[in-house]
Amino acid sequence: MRSSNRIEMTASIKGSTILNTMSILRELMDQRRLNALIDSCPPDTQLLLRRTVMAVEWVPVDVWSPMLHAIFERVTSRDESKFRRFIRAACQRDFSGPYRVYVQNTTPASVLVKAQGIWNSYFDSGTLTAGPVEPKDGGQHCMIALRDLESAAPIYVVVVQAILEQLLSMVDAKTVVIQRVRDTRRESYIACDYRVTFR
């Protein structure tokens, strides 16, 4: 259910992942550096990060996304693989808490079947659907489609890739490779296709 105070025409993200991301930042840097990182964001994002965020609240993605960009630019030095590792660390905390039911006693194929439910635990807009998991070259292959996320921030395409990588690693998938094969933006909507292979 969308919050009544959300910004018009933008998706929202669950506060819990913001809390976990900020917790990792506090472990990585002192308060002076963290303040400088927050100061580099627009005023709406600064206000968000200087108030108490509740785990269960919905926060507009385009208020949170400047902080993701700041992490990409200033913490991981525009290195996408480092940025995805950072997001994976936040995701691991997300799914070690209230969302752990998605990754307990399950298989990689089963967790992909749950893609839409997992998506709904993070976002209140768009869809994330998995095609059939099929054998390929001694492993497994699946296409995953992200559609209609209301946002002006393409960084979420990378964030979703990192979430998928972490979820699969948490259910013991081996040799996970995720490739973005089509990434499109239409007005204020984001879409992407991901080719997933694992053993």
Undergrad: Looking at every heavy atom in both Val157 and Cys192, which two are closest together, and how far apart are they?
TA: CG1-SG, 3.6 Å
Undergrad: Can Glu27 and Arg93 be counted as an ion pair, charged N to O under 4.0 angstrom?
TA: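 Answer for the salt bridge query: yes.
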Undergrad: Any chance the side chains of Arg199 and Gln140 put a donor and an acceptor closer than 3.5 Å?
TA: no
Undergrad: Salt bridge or not between Glu57 and Arg51? Use side-chain N to carboxylate O under 4.0 Å.
TA: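 Salt bridge present between Glu57 and Arg51.
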Undergrad: Flag the pair Ile87 / Gln166 as yes when at least one side-chain heavy-atom distance between them is below 4.5 Å, and no otherwise.
TA: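 No; the side chains remain at least 4.5 Å from each other.
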Undergrad: With heavy-atom distances below 4.5 Å as the criterion, would you say the side chains of Thr197 and Val176 are in contact?
TA: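 A side-chain contact is absent here, since even the closest heavy-atom pair is not under 4.5 Å.
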Undergrad: Can you tell me if Gln161 uses its side chain to pair, donor with acceptor, with the backbone of Ile178 under 3.5 Å?
TA: yes
Undergrad: Count the heavy atoms belonging to other residues, nucleotides or ligands that lie under 6.0 Å from CG of Asn105, then report whether that count exceeds 12.
TA: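 No, the 6.0 Å shell around CG holds no more than 12 heavy atoms from other groups.
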Undergrad: Return the CD1 to OH distance between Ile13 and Tyr122, rounded to the nearest 0.5 Å.
TA: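 Result: 7.5 Å between the selected atoms.
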Undergrad: For Asn35, run the side-chain hydrogen bond (donor to acceptor under 3.5 Å, both in side chains) check against Gln31, Arg33, Arg32 and tell me which one passes.
TA: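 Going through the options one by one, the only one that passes is Gln31.
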Undergrad: Would you say the side chain of Thr107 lies within less than 4.5 Å of the side chain of Val171, judging by non-hydrogen atoms?
TA: no
Undergrad: Side chain of Thr21, backbone of Ala90: donor and acceptor closer than 3.5 Å?
TA: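 Checking the backbone N and O of Ala90 against the side chain of Thr21, no donor-acceptor pair under 3.5 Å is found.
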Undergrad: Name the orientation class of the two ring planes belonging to Phe83 and Phe72 (parallel below 30°, tilted from 30 to 60°, perpendicular beyond 60°).
TA: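 The rings of Phe83 and Phe72 stand perpendicular, inter-plane angle above 60°.
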Undergrad: Mind checking whether Ser151 and Ile190 have side chains closer than 4.5 Å, heavy atoms only?
TA: yes
Undergrad: With a 4.5 Å limit on heavy-atom distance, are the side chains of Lys174 and Phe198 in contact?
TA: no
Undergrad: Check whether any side-chain heavy atom of Ile38 sits under 4.5 Å from a side-chain heavy atom of Arg50, and report yes or no.
TA: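 With C-beta onward as the side chain, the pair touches.
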Undergrad: Shortest non-hydrogen contact from Cys41 to Gln46?
TA: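 Here Cys41 and Gln46 meet closest at O-NE2, 2.7 Å.
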Undergrad: So Thr127 and Trp119, do their side chains get closer than 4.5 Å, heavy atoms only?
TA: no
Undergrad: Is there a salt bridge (charged side-chain N to carboxylate O under 4.0 Å, His left out) between Glu80 and Arg85? Walk through the geometry before answering.
TA: CA-CA 9 Å; Glu80 186 184 308; Arg85 284 197 299 273; over 6 Å; no
Undergrad: Would you check if Arg180 and Val158 make a side-chain contact, meaning some heavy-atom pair closer than 4.5 Å?
TA: yes
Undergrad: With a 3.5 Å cut-off and no angle check, do the side chains of Ser81 and Asp79 form a donor-acceptor pair?
TA: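 Their side chains do contain a donor-acceptor pair, which is all the 3.5 Å distance test asks for.
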Undergrad: Under 6.0 Å between the ring centres of Tyr189 and Tyr156?
TA: no
Undergrad: Between Thr129 and Gln116, do the side chains contain an N or O donor and an N or O acceptor separated by less than 3.5 Å?
TA: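 Not at all, the side chains of Thr129 and Gln116 share no donor-acceptor pair under 3.5 Å.
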Undergrad: For the backbone of Leu68 and the side chain of Ser65, can you confirm whether one donor and one acceptor N or O come within less than 3.5 Å of each other?
TA: no
Undergrad: Are Arg88 and Gln92 close enough that a side-chain donor and a side-chain acceptor fall under 3.5 Å?
TA: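 No, Gln92 and Arg88 have no side-chain donor paired with an acceptor closer than 3.5 Å.
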Undergrad: When you check the gap from the basic side-chain N to the acidic O, do Arg147 and Asp193 get nearer than 4.0 Å?
TA: yes
